[in-house]
Amino acid sequence: MWKSCYYLWIFHITILQCFHYGEAKIIKKNLADQLNMDQAYLTISNKNYSDPILFTYNVIACEHCDFEALDNAVQPNSSKTVTIDTQYPYDFQLISQTKSRTLVCQIHSYHFSEHGSYLFEIMEINPNEVSCTITQTKASSHYWLPIIIAVIILCTIVLSIQLCHQLYHSRYIGRILINIGHRQLINDETNITPPTSPILSRREPLMLQPGTPNDNILSAANSIGSLPLAESTNKSKDSSKKMRVLPKRLQALDTFRGFSLMVMIFVNYGGGGYWFFDHSVWNGLTLADLVFPWFVWMMGVSIVLSQRSLLKKKIRRTSLLLQGGEGKPKDLRILGVLQRLALCYFFTAILVLIFDPSENESHVSQWPTRDNTHQPIRAELSNTVFQFWPEWLFILGIIISWILITFVPKLSNCPRGYVGPGGKHEHGKYTNCTGGVAGYLDRTILGSSHMYGYPTCKEIYKTQIPYDPEGLLGILTGIFLCYLGVHAAHTFVYSTRVRRVCIQWIVSGLICGFLGLLLSKGGHSESWIPINKNLWSLTFIFVLSSLAFIILTILYLLVDVYKLFTGEPWLWLGMNSIVIYVGHDVCSDKFPIQFQVDSTHAKLLALHVYGAMCWAFIAGLLYFNKIFIAI
């Protein structure tokens, strides 16, 4: 292990010292006759309208914002060509530039394609009728083709890894390896000098005494790698009952964690420059919004499994409280991703340590788990949910507190319960209300200089004040999200069968999804509680947990139960998530992980997928050297 760590450290130093010139940069081509990423040409033609026309627009992502002029007015019988961004759809309004400023026509939700050319033509058919049409005059680029190719390549890599795993563990390869091992053993024995002791010189077989450490070595060797599942049992002293044996590690959770980490690395590198691989502007969900909260949820699952493992080793509960390490308050950064993880873990772990039953208090042993005996549903729910009522009562208090703090106070110059992005939102009436009470608390308690200054809404909504998506108020809903992961672990630990585990996970996921969609009115911004990652809103927590429950169920069946999928290469990342996350952050722009490319989606996507796969390869080296550093 130390040798492997030493080689990794030398590799890291070499990168920093010898290849610092290879920092990743995006080379933008500013030629007048060539478009950049996510741009298109739009020609506005005033064919025969008698008055100059002012062309105004609003990006759909900017909700309830005022229209802005794209350029100067277009005179009659003239045209002009402008460059327009193609990431989001547009609403257009054409206004006659006269004293009355009459609305000539309007077009809703038009989405341009990258590198295309378009003609926006205004034609007066008669004095009371004006025609406005948008026509594509030049074909766009193959926007989705790089993504399709990348998905095919990734699927091919995953399938190849699975095929290699099956071949390596096949009977034919196993016999070859056994023969090689036997030959090596024979060669080693022939090179051993015969002993001179008269006792050992006799050719009598050595008989192992019963009870010695080696008397069952064959059966121990055969059992390596075969981990029991949720319904695996061992016979107890009472032959009418069987005691459950939990698996040493839930590989589905490691696979889920590794998948999330790979997506996080890919997104942090830039996601190929695609807008949907970036965080949402304000309300809504994108792929980048999922991975970090999923880590919080999975951390809740790990809390229960790791603490049970430590308690089985007779480690006192008070000792577990001291495993967070040491630190000085002046060195602590209050806000941030890692701080959010630490705070959610701390409070959730304290809750589990206080109220979770110890091993000898478990209710599971009271019920038989033979294959032909079904534990009553009432008893099953009592073991997995109702016995933890003090914890659920505490979580309910957290939810109520978040709702009251978010929607009850009335801030100066802000409406009660405002949770918008401020800036241009609501036609600029609430410019300094970004994030509502959540933003106000952070600015008051922490100070604007200690907050994140570039929120995702800054570019679209022209937000003027800082807002931190990992602020203080979000810690409450973060604890709730982490505890939903704890509930998933309770289900796994205290259920008696694989079927029961999967059913409870799916039902939990459906309930969370239903509540999230109900409170958000199907994901609409004009709802009771919008789905919002910046606020870590309650609906956001429900929807993220719903997806997590369902994904873990699928992976549990594929990886742990039916063993149709080994989880690799994501299993490698999941088993070493901490070192890989830190490594990718330190070497995020260093050669050979990243290097210079032109600013096209195809090249950037290839570069960022390559970077993510490099860290998967490094995680594989750690995995096969049996170095496991996970959360």
Side-chain angles (χ1 to χ4, degrees), residues 11-12 15-16 19-29 35-39 85-88 114-115 141-158 160-161 255-281 285-295 337 454 456 459 533 568-570 572-574 576-577 579-621:
F11 174 72
H12 169 64
I15 290 175
L16 294 181
F19 299 102
H20 62 276
Y21 59 83
E23 293 184 356
K25 297 179 181 178
I26 297 176
I27 304 174
K28 292 189 176 180
K29 298 181 178 180
L35 294 168
N36 292 327
M37 277 195 315
D38 299 318
Q39 289 185 342
D85 191 270
T86 61
Q87 293 188 41
Y88 304 104
E114 184 188 50
H115 295 172
S141 62
H142 301 287
Y143 188 75
W144 295 98
L145 184 60
I147 297 179
I148 296 173
I149 294 175
V151 170
I152 293 174
I153 293 175
L154 289 176
C155 291
T156 303
I157 293 174
V158 173
S160 300
I161 293 174
T255 304
F256 191 10
R257 184 189 297 116
F259 172 77
S260 300
L261 181 58
M262 177 176 280
V263 175
M264 179 181 290
I265 294 173
F266 171 71
V267 167
N268 289 346
Y269 281 149
Y274 290 95
W275 67 269
F276 43 80
F277 289 143
D278 199 358
H279 292 289
S280 55
V281 175
L285 278 180
T286 63
L287 182 64
D289 294 331
L290 303 176
V291 288
F292 170 46
W294 274 345
F295 268 96
V337 172
Y454 298 93
T456 56
E459 181 178 355
K533 191 264 179 185
E568 299 167 330
W570 300 310
W572 307 340
L573 291 161
N576 297 280
S577 56
V579 66
I580 296 299
Y581 178 83
V582 174
H584 110 275
D585 190 40
V586 173
C587 305
S588 60
D589 57 353
K590 299 297 187 297
F591 182 87
I593 304 297
Q594 297 285 273
F595 41 84
Q596 296 179 355
V597 295
D598 294 337
S599 58
T600 64
H601 283 302
K603 293 181 180 180
L604 287 176
L605 184 66
L607 176 66
H608 299 156
V609 170
Y610 159 77
M613 293 306 300
C614 281
W615 290 110
F617 174 75
I618 294 173
L621 294 179

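Hydrogens, waters and symmetry mates are skipped; everything else that's a heavy atom, side chains included, is used. Since the structure is predicted, the reported quantities are computational estimates derived from the model, not experimental observations.
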With the side chain counted from C-beta on, respond yes when [X] and [Y] share a heavy-atom pair under 4.5 Å apart, and no when they do not.
X: Leu261; Y: Phe295; result: yes
X: Asp38; Y: Trp275; result: no
X: Leu604; Y: Met37; result: yes

Margin query: Assess the residue pair Leu154 and Met613 against the criterion (side chain to side chain contact (heavy atoms under 4.5 Å, CB included)); give the C-alpha distance rounded to whole Å, side-chain angles, the decisive distance to 0.1 Å, and a yes or no.
Written below: CA-CA 9 Å; Leu154 289 176; Met613 293 306 300; 3.7 Å; yes

Notebook entry, point to check: Between Trp294 and Val263, is a side chain to side chain contact (heavy atoms under 4.5 Å, CB included) present by the stated rule, with each step listed?
Noted result: CA-CA 11 Å; Trp294 274 345; Val263 175; over 6 Å; no

For the side chain of [X] and the backbone of [Y], is there at least one donor-acceptor N/O pair under 3.5 Å apart?
X: Asp289; Y: Thr286; result: yes
X: Asp85; Y: Gln87; result: yes
X: His601; Y: Gly272; result: yes
X: His584; Y: Tyr581; result: yes

Check: In chain order, what residues pass the side chain to side chain contact (heavy atoms under 4.5 Å, CB included) check against Gln39, with sequence neighbours excluded?
Finding: Leu35, Asn36, Thr83

Next item on the list: Please identify each residue that fulfils side chain to side chain contact (heavy atoms under 4.5 Å, CB included) with Phe276, with sequence neighbours left out.
Entry: Tyr143, Trp144, Ile147, Tyr274

Check: Just wondering, are more than 12 heavy atoms of other shown residues or ligands nearer than 6.0 Å to CZ in Phe292?
Finding: yes

Item checked: Gap separating the CD1 atom of Ile265 from the NE2 atom of His608, nearest 0.5 angstrom -> 13.0 Å

Notebook entry, point to check: Nearest 0.5 Å, what's the CD-OG1 distance between Glu114 and Thr600?
Noted result: 8.5 Å

So which heavy atom on [X] is nearest to which on [Y], and how close?
X: Ser577; Y: Arg257; answer: OG-CD, 3.5 Å
X: Trp572; Y: Ala616; answer: CE3-O, 3.4 Å
X: Val158; Y: Pro569; answer: CG2-CD, 3.9 Å
X: Trp615; Y: Leu573; answer: O-CD2, 3.7 Å
X: Ala150; Y: Val609; answer: CB-CG2, 4.4 Å
X: His279; Y: Ala288; answer: CE1-O, 3.2 Å

